[in-house]
Amino acid sequence: MAFASICWSSSLMPIFFAILVYFNVNSAFEFKHHNNEELVQVLMDVHAKCSNITRVYTLDEKSVRGVPLYVIEFSLRPGHHELMKPEFKYIANMHGNEVLGREMLLKLVDYLCEQWNARDPDIVALIEATRIHIMPSMNPDGWQLATDMGGNDFLIGRLNNNSVDLNRNFPDLDRIAFSNEENHIYHNNHLLAQVERLTEPIQPETRAVIRFIMQIPFVLSANLHGGDLVANYPYDESRSGRPNGEYSSSPDDNTFRYLAQSYSTYHADMADPSRKGCAEDSNDFGKRGGITNGAQWYSLQGGMQDFSYLSCNDFDITLEIGCDKYPPVEDLPNEWIRNKDALINFIWQSHIGIKGMVYNALTKEGIPNAVIHVRNITDHNAYDIEHDITSVHNGDYFRLLTPGRYKVTAYREGFLPNSKIITVYNKSGFPAQRVDFRLKPITVDYNNMDENFMSDVDNKEFNYYKSGWYGKHPLPKP
Ligand SMILES: *[C@@H]1O[C@H](CO)[C@@H](O)[C@H](O)[C@H]1NC(C)=O
Ligand SMILES: *[C@@H]1O[C@H](CO)[C@@H](O)[C@H](O)[C@H]1NC(C)=O
Ligand SMILES: *[C@@H]1O[C@H](CO)[C@@H](O)[C@H](O)[C@H]1NC(C)=O
Ligand SMILES: [Zn+2]
């Protein structure tokens, strides 16, 4: 595999090029179908107006036809992960002929900058608390083809210039997760290392985005599509292989349903039960809260959404934001009004649950790659959420959760595990509550430990330790 198996590994080659070219025209935002040059111009104009809080960069590979893949970042320290600040991303136009998301993200970029400069308290608070990455087009070649061909074909321009559907081109980690489940192996995260061979060559656009996902410790993301009106959440792939109608839940099903609703219910009518479905009458998503499990709608392999969740700590959903894949320019201002609150509210969701530091109790240093495991103890049917996340760069971690009561445990090889019982409330508009862990390094022979030393560790965790699990092996099902 050409990818490091660990997220945000600092040993990766730097993946971004600094953008040296500056465009100097400083114009007001206009609703239109921005071509690939105008797209860059919008990002540069915004950077000129909000230079302190933005950075424009490109991913390390270009599209098949050589168009750079641009991203703009908003944060107080552009270019840096800040301790305890969640990282968020939007990607649009992965299917080149689905262009509404591309224009909505360009408008969003302009809006964030304008409201920052106007000191809008909500937007200032959001940018101060979050590092936001926005990539308006993952498939500029498909966009060009769709546009050259008149822009209103259901399929022309969907694929990249090698005729590959980028949302089928990611390594299929669902199969690994499902096989682990069948074998009662509790291992459902950071699965890229387990990929033995790829069924299809990976396209440059996909490769660039995989490295992007691996490099930045994203907590929450969405991928904007068009052709329907619904927020779609993992898994996209069915367990049995059935093409549709099979609900394929992930261990974070409650959280994902909540996340999908946090878009659909803030959209003008995605969640309106009285609206008509886009195409077939069967897709009456409005009657179902404007959300769907991916595989229940239709099963797909190699999608970006499930890849993000199973390769990294990144909770990703797929947003179908309009029936019309390539709406006329006249519709764009109204589409912005329909999507604006949802786009902003969804970014705020990177602050649900808990976050904190995992420290070495002795040296007080942060511990990266510690495993954060959660058990839901809200009611008597307590159960483990079988998807662990890991601490990142300097020992900070982010664990999205819905309200409830949880037992959270931090593990790291060479340390005694540490557990805390917590209650999550999720107050809207506030950063996640902080829960830190201080892990004691193991300095004595654990087989001869005395009772006092073990007093704050319960037996189950100690047994995990003795079985030599963490960091090395999948955790056996309790
Ligand atoms: C950018 O930051 C500098 C230093 O904090 C400050 O002096 C300047 O006013 C800021 N500019 C804008 C446009 O916010
Ligand atoms: C690739 O791009 C060229 C130039 O735009 C275009 O003529 C051709 O149809 C494209 N091929 C595919 C498969 O998209
Ligand atoms: C934990 O369980 C409670 C009660 O069943 C539920 O409301 C909550 O969503 C669950 N949390 C997660 C993260 O699944
Ligand atoms: Zn699509």
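Note that ligands are numbered from 1 as they come in the structure, with each ligand's atoms numbered from 1 the same way. For the numbers below, each heavy atom of this structure counts, side chains included, while hydrogens, waters and symmetry mates do not.
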Do other residues, nucleotides or ligands put more than 12 heavy atoms under 6.0 Å from the OH atom of Tyr406?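 Atom OH in Tyr406 is crowded, with more than 12 foreign heavy atoms closer than 6.0 Å.
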Lys/Arg-Asp/Glu bridge criterion (N-O < 4.0 Å) met for [X], [Y]:
X      : Y      : result
Arg239 : Glu182 : no
Lys107 : Glu335 : no
Arg399 : Asp252 : yes
Glu98  : Arg158 : yes

Which segment of Tyr383 sits under 4.0 Å of ligand 3 when only heavy atoms are counted: side chain
Determine whether the side chain, the backbone, both or neither of Asp379 has a heavy atom under 4.0 Å from any heavy atom of ligand 3. side chain
Residue, atom name and distance, where the atom is the protein heavy atom closest to [atom]:
atom                    : value
atom 14 (O) of ligand 3 : Asn254 ND2, 2.9 Å
atom 2 (O) of ligand 2  : Asn161 ND2, 2.4 Å
atom 9 (O) of ligand 2  : Leu145 CD1, 4.0 Å
atom 11 (N) of ligand 3 : Tyr406 OH, 2.7 Å
atom 7 (O) of ligand 3  : Pro403 O, 4.2 Å

Going by the angle between their ring planes, with limits at 30° and 60°, are [X] and [Y] parallel, tilted or perpendicular?
X      : Y      : answer
Tyr57  : Phe212 : perpendicular
Phe88  : Tyr90  : perpendicular
Tyr397 : Phe437 : tilted
Phe256 : Tyr309 : perpendicular

For Thr402, is at least one N or O under 3.5 Å away from an N or O on ligand 3?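 Thr402 vs ligand 3: N/O contact under 3.5 Å present.
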At their closest point, which heavy atom of Asp236 faces which heavy atom of Thr318, and how far apart are they? OD2-OG1, 4.4 Å
Out of Asn376, Val374, Leu400, who gets a non-hydrogen atom closest to atom 6 (C) of ligand 3? Asn376
Please state whether Tyr258 comes within less than 4.0 angstrom of ligand 3, counting heavy atoms only. no
Are side-chain N/O atoms of His351 and Asn426 paired as donor and acceptor at under 3.5 Å?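 Side-chain D/A pair, His351 to Asn426: absent.
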For ligand 3, which atoms, with element, lie under 4.0 Å from some heavy atom of Thr255?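 What qualifies from ligand 3 is 13 (C).
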Could you tell me which atoms of ligand 3, counted from 1 in the order shown, lie closer than 4.0 angstrom to a heavy atom of Thr378? 1 (C), 2 (O), 3 (C), 4 (C)
The Zn ion (ligand 4) and Glu98: any N/O/S contact shorter than 2.8 Å? yes
Atom name in His225, limited to N/O/S, at shortest distance from the Zn ion (ligand 4): ND1
Closest His95 atom to the Zn ion (ligand 4) [N, O or S only]: ND1
Number the atoms of ligand 2 from 1 as they appear, then name those within less than 4.0 Å of a heavy atom of Ser163, with their elements.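 The list of qualifying atoms is 13 (C).
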Side chain or backbone of Arg65 under 4.0 Å from ligand 2, or both, or neither, by non-hydrogen atoms?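 Only the side chain of Arg65 comes within reach of ligand 2.
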